[in-house]
Each structure stands twice: as structure tokens, then as C-alpha cells.
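Right, one structure below, let's go through it.
Labels below follow one simple rule: chain letters A, B, ... track the order of the sequence lines, proteins then strands, and each chain is numbered from 1. The figures that follow rest on heavy atoms only: side chains count, while hydrogens, waters and symmetry mates do not.
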There are 2 protein chains.
Amino acid sequence: MSTHIPQGPARTRILGTATRLFYSEGVHTVGIDRIIAEAAVAKATFYHHFPAKDELVRAYLEAEFARQRDAVEALRATSTDPGATLVKIFENLGETGAGAAFRGCPFTNAAAEYPDPAHPVRQTIADYRRWSHTLFRDLLADIGHPDTDRTATILMMIRDGIVVGSDLDDPQALRAAIGEAVCRALRH
Amino acid sequence: MSTHIPQGPARTRILGTATRLFYSEGVHTVGIDRIIAEAAVAKATFYHHFPAKDELVRAYLEAEFARQRDAVEALRATSTDPGATLVKIFENLGETGAGAAFRGCPFTNAAAEYPDPAHPVRQTIADYRRWSHTLFRDLLADIGHPDTDRTATILMMIRDGIVVGSDLDDPQALRAAIGEAVCRALRH
DNA sequence: AGCAGACTAGACAGATCTGTCTGGTACTGT
DNA sequence: ACAGTACCAGACAGATCTGTCTAGTCTGCT
């Protein structure tokens with residue numbers, strides 16, 4: 001029911017289709033043939049825009065990274081209270097985790113399929129995780145938290161726990177525990 | 001340097017080789033041909049013991065599940081202090097996470113490659129996660145914690161954070177934060 | 001008018017995947 | 001001595017994978 005005919009230029013269609021399929025079914029299980037079929041694109045066009053499948057995977061994660069950065073940027077622009085921003089980030093995480101289409105974190109899922117830490121895809125994942133940790137640390141510094149670095153690491157744990165647990169356990173029960181988890185993590 | 005010639009009966013060799021390869025490189029990237037080659041087993045023998053690859057994946061996770069159950073059982077048998085047991089479980093997690101061969105949680109990694117929640121492999125993963133949550137909840141009850149269920153959920157988050165972060169971030173920095181993370185999670 | 005660039009359709013190569021099947025060897029218990 | 005079991009070696013089928021290549025269409029700019 002949700003198989004829309006993709007719109008716009010070829011590159012956009014490819015990336016949109018790849019995002020949907022890679023996220024919902026995994027990277028290695030989804031072949032190029034399937035992507036070009038569902039994106040309604042010729043094979044030569046695909047390889048014109050992306051020299052190899054791994055480049056598409058990287059572009060998929062890079063786009064997701066940009067999307068999250070923009071969302072956080074928008075959140076920080078509306079609020080001057082860093083504590084509220086922090087809580088809102090985690091509430092949003094729980095909300096998306098409770099959605100039907102949720103299937104975990106695109107970055108950790110991809111990492112599971114790319115074991116080599118030197119691979120370009122893993123570099124993008126590492127960038128994303130450094131950005132996440134820095135984001136938490138900056139917000140904690142803005143709050144005036146005395147233990148920013150270690151607490152940011154603890155918040156990363158909770159973040160990972162939410163995305164993993166929302167996929168594999170009961171997302172509602174998990175969502176109900178997020179507020180308390182963050183609250184306890186911040187206590188020092 | 002670590003490619004040992006496998007020992008023992010064929011089934012053990014297959015499962016041992018599969019465990020090593022599936023964990024270090026992923027499930028879909030490792031083919032049957034490679035497993036039978038490194039296990040020094042004939043193809044017919046493989047399919048005699050495991051009717052399909054997915055059955056081997058399931059057996060691999062089931063064996064890992066049993067190993068962890070045994071380890072926890074041994075830990076609970078030596079100590080009568082449930083709080084110390086809980087802390088030790090998390091310390092052990094951080095220790096294995098800091099090891100060179102660590103590549104995240106076998107169960108969450110496998111889940112990333114099996115998107116269908118109804119798949120037998122996902123059932124095993126769900127069993128494992130239910131067991132983990134129940135373990136935490138039982139230990140919290142033994143301590144006399146007033147909020148066992150929600151706190152167990154928070155401990156699950158920290159557990160997931162440790163296994164994900166040990167693989168993708170700096171395992172040493174993460175390990176140094178585990179004690180504090182558990183301590184804050186237990187505070188009520 | 002004409003040309004460049006983006007696109008489509010699809011054959012093709014070469015590798016690799018899972019799973020089946022044939023045929024032969026070696027050990028073990030009766 | 002003999003049946004049963006466990007195993008080995010490897011060919012084979014059929015599907016699927018990534019990536020290349022040929023050949024032709026359509027559109028917009030100059």
C-alpha cells in the first residue's frame with residue numbers, strides 16, 4: 001500500500017528508494033537490481049550517479065546524518081533551555097522508536113554489516129557517533145553539568161539502548177522509562 | 001595467526017567455525033562454502049547436521065545464549081550478594097567489550113540482518129532479550145529495589161549502550177563510565 | 001539545426017550463493 | 001563378516017549478485 005512511484009530526478013529517486021529499502025531490509029539483502037527497479041531507473045544511470053554500491057550506502061547514511069543534524073539544529077534554534085532540548089531529543093527518540101516503520105538505528109545496523117573499521121561506511125558511522133557525543137557534551141556544558149564528558153558517554157548508552165530496545169523489545173514499555181533514565185543519568 | 005585447524009566431530013567444527021566467522025564478519029557476508037572449507041567438512045556433512053543456513057545461524061545464537069546463561073549462573077552461584085553480581089555482570093561486559101576481537105552483540109548484530117520479526121532467528125533473539133530483562137529484574141528484586149521493572153529496562157539500555165559503544169566508540173572511555181552509569185541507574 | 005548530457009532498456013560477463021546429488025571411504029557394533 | 005553410520009570430495013543446478021557495455025531516446029541550450 002505504501003509503494004509510491006518515485007518522483008523527481010534520477011539521483012533523488014535512487015537515494016530515496018535505497019534509503020527505504022536499506023533501512024527496512026538491510027544493506028546486503030537489498031540488491032542493486034531491486035533498487036533500480038523500484039526507483040524506475042536504468043542501470044547505467046545508477047552507475048553514473050554512484051560508482052559502486054558502497055558509495056550509495058555511504059550516501060544513504062550521510063543523508064540520514066544531515067537529516068538528524070538539521071532536526072537538532074532546528075530544536076536548538078527554538079529553545080534557549082539546553083536541559084529541555086536534551087529531554088526533547090530523547091523524547092523524540094522514543095516517539096520515532098514507537099513508530100511502526102522503526103527498525104533500529106541506521107548507523108548501528110549498517111555497522112553490523114560492515115565489520116572493517118577502516119571501511120568508508122564505518123568512517124561515516126564514526127563521524128555520526130562523534131557528533132552525537134559532542135552534542136550531548138555541549139548541551140550538558142550549557143546546563144552547567146560538572147561531569148560533561150562521562151555523562152555524555154552515559155547518555156550515549158541510553159540513546160543506544162532506546163534505538164536497540166525499541167526495535168527488539170516492547171517500545172511502549174521502553175518509552176515509558178526514558179524520562180526516568182535520562183533523569184537518573186543526569187544526577188551526580 | 002589465529003586460524004586454528006578445527007578439532008573434534010564435524011558438527012562441533014561447523015558450529016565453532018560459524019561462530020567465529022558469523023560474529024567477526026556478519027551472517028550474510030559469510031557463505032556456506034567458506035564455512036565448510038574452514039571447518040574442513042564436506043558439504044553433504046554440513047547439510048546433514050543443519051538442514052539450512054538459517055538453522056546454523058539459529059544454532060550459533062542459541063549456543064551463545066547458553067554460554068551467557070552458564071556464565072551468569074556460575075556468577076550467581078559464587079556470590080550471595082545480588083548487588084555485587086549485578087555490578088560484576090556490567091564490569092564483565094565492559095571487559096569483553098575492550099577486547100580486540102569484540103564486534104558488538106551477536107544478537108543485535110544478527111537482528112540487523114534479519115528484519116522480519118517472525119523469523120526463527122528473531123525468535124531466539126527475542127528469547128535472549130526477555131531472559132536478560134528478567135535477569136536484571138530478578139537481581140533488582142533480590143536487592144530490594146522498589147522499581148524493579150522500569151529499572152531493569154534502564155539497565156537494558158545501559159547494557160545495549162555498552163555493547164554498541166564498545167564496538168563503535170572508544171571502549172576504554174566507555175568502560176570507565178560503566179560503574180557510574182549503573183550507579184546512577186540504580187538511584188531512585 | 002545541432003550538439004551535449006541525462007536518461008532508458010536490457011544483454012552480458014564473471015563471480016558467488018544455497019542446496020542437491022553421486023560415489024566412495026572408514027570406523028563401529030553385532 | 002556385515003550392516004549402519006558418519007564422513008569426505010566435488011560436480012552440478014539454478015538463482016542472484018555486482019558491474020560493464022551497447023544502443024537508442026529525450027530534452028534543453030546555443
Legend entry - Separation of D:dA9 C1' from B:Ile36 CD1 (nearest whole Å): 10 Å
Legend entry - Minimum side-chain heavy-atom gap B:Phe50-B:Ile14 below 4.5 Å: yes
Inset, instruction - Please list, chain by chain and in numerical order, all residues satisfying side-chain hydrogen bond (donor to acceptor under 3.5 Å, both in side chains) with A:Glu180, sequence neighbours excluded. - result: A:Arg184
Legend entry - D:dA6 OP1/OP2 closer than 4.0 Å to side-chain N/O of B:His49: no
Under 3.5 Å, which protein N or O atoms sit close to an N or O of nucleotides 17-21 of chain C? Give each pair with its distance.
unit_1	atom_1	unit_2	atom_2	d
C:dT18	OP1	B:Lys53	NZ	3.0
C:dT18	OP2	B:Ile32	N	2.6
C:dG19	OP2	B:Tyr47	OH	3.4
C:dG19	OP2	B:Lys53	N	3.0
C:dG19	N7	B:Lys43	NZ	3.2
C:dG19	O6	B:Lys43	NZ	2.6

Legend entry - Rounded distance in Å - CD1 (A:Ile14) to P (C:dA6): 13 Å
Legend entry - Verify same cluster id: B:Phe65, B:Val121 (apolar side-chain graph, 4.5 Å): yes
Inset, instruction - List for me each residue that meets ring-ring contact (aromatic ring centres under 6.0 Å, His included) alongside B:His28, sequence neighbours excluded, and say none if there are none. - result: B:Tyr114
Inset, instruction - Examine the side chains of A:Arg103 and A:Ser24 and answer whether a donor and an acceptor come within less than 3.5 Å of each other. - result: no
Inset, instruction - Indicate whether any N or O donor in one side chain lies under 3.5 Å from an N or O acceptor in the other, for A:Thr153 and A:His133. - result: yes
Inset, instruction - Output yes when at least one side-chain N/O atom of A:Thr45 is less than 4.0 Å from OP1 or OP2 of C:dA6, else no. - result: no
Inset, instruction - Please determine if a side-chain N or O atom of B:Arg13 lies less than 4.0 Å away from the OP1 or OP2 oxygen of D:dA6. - result: no
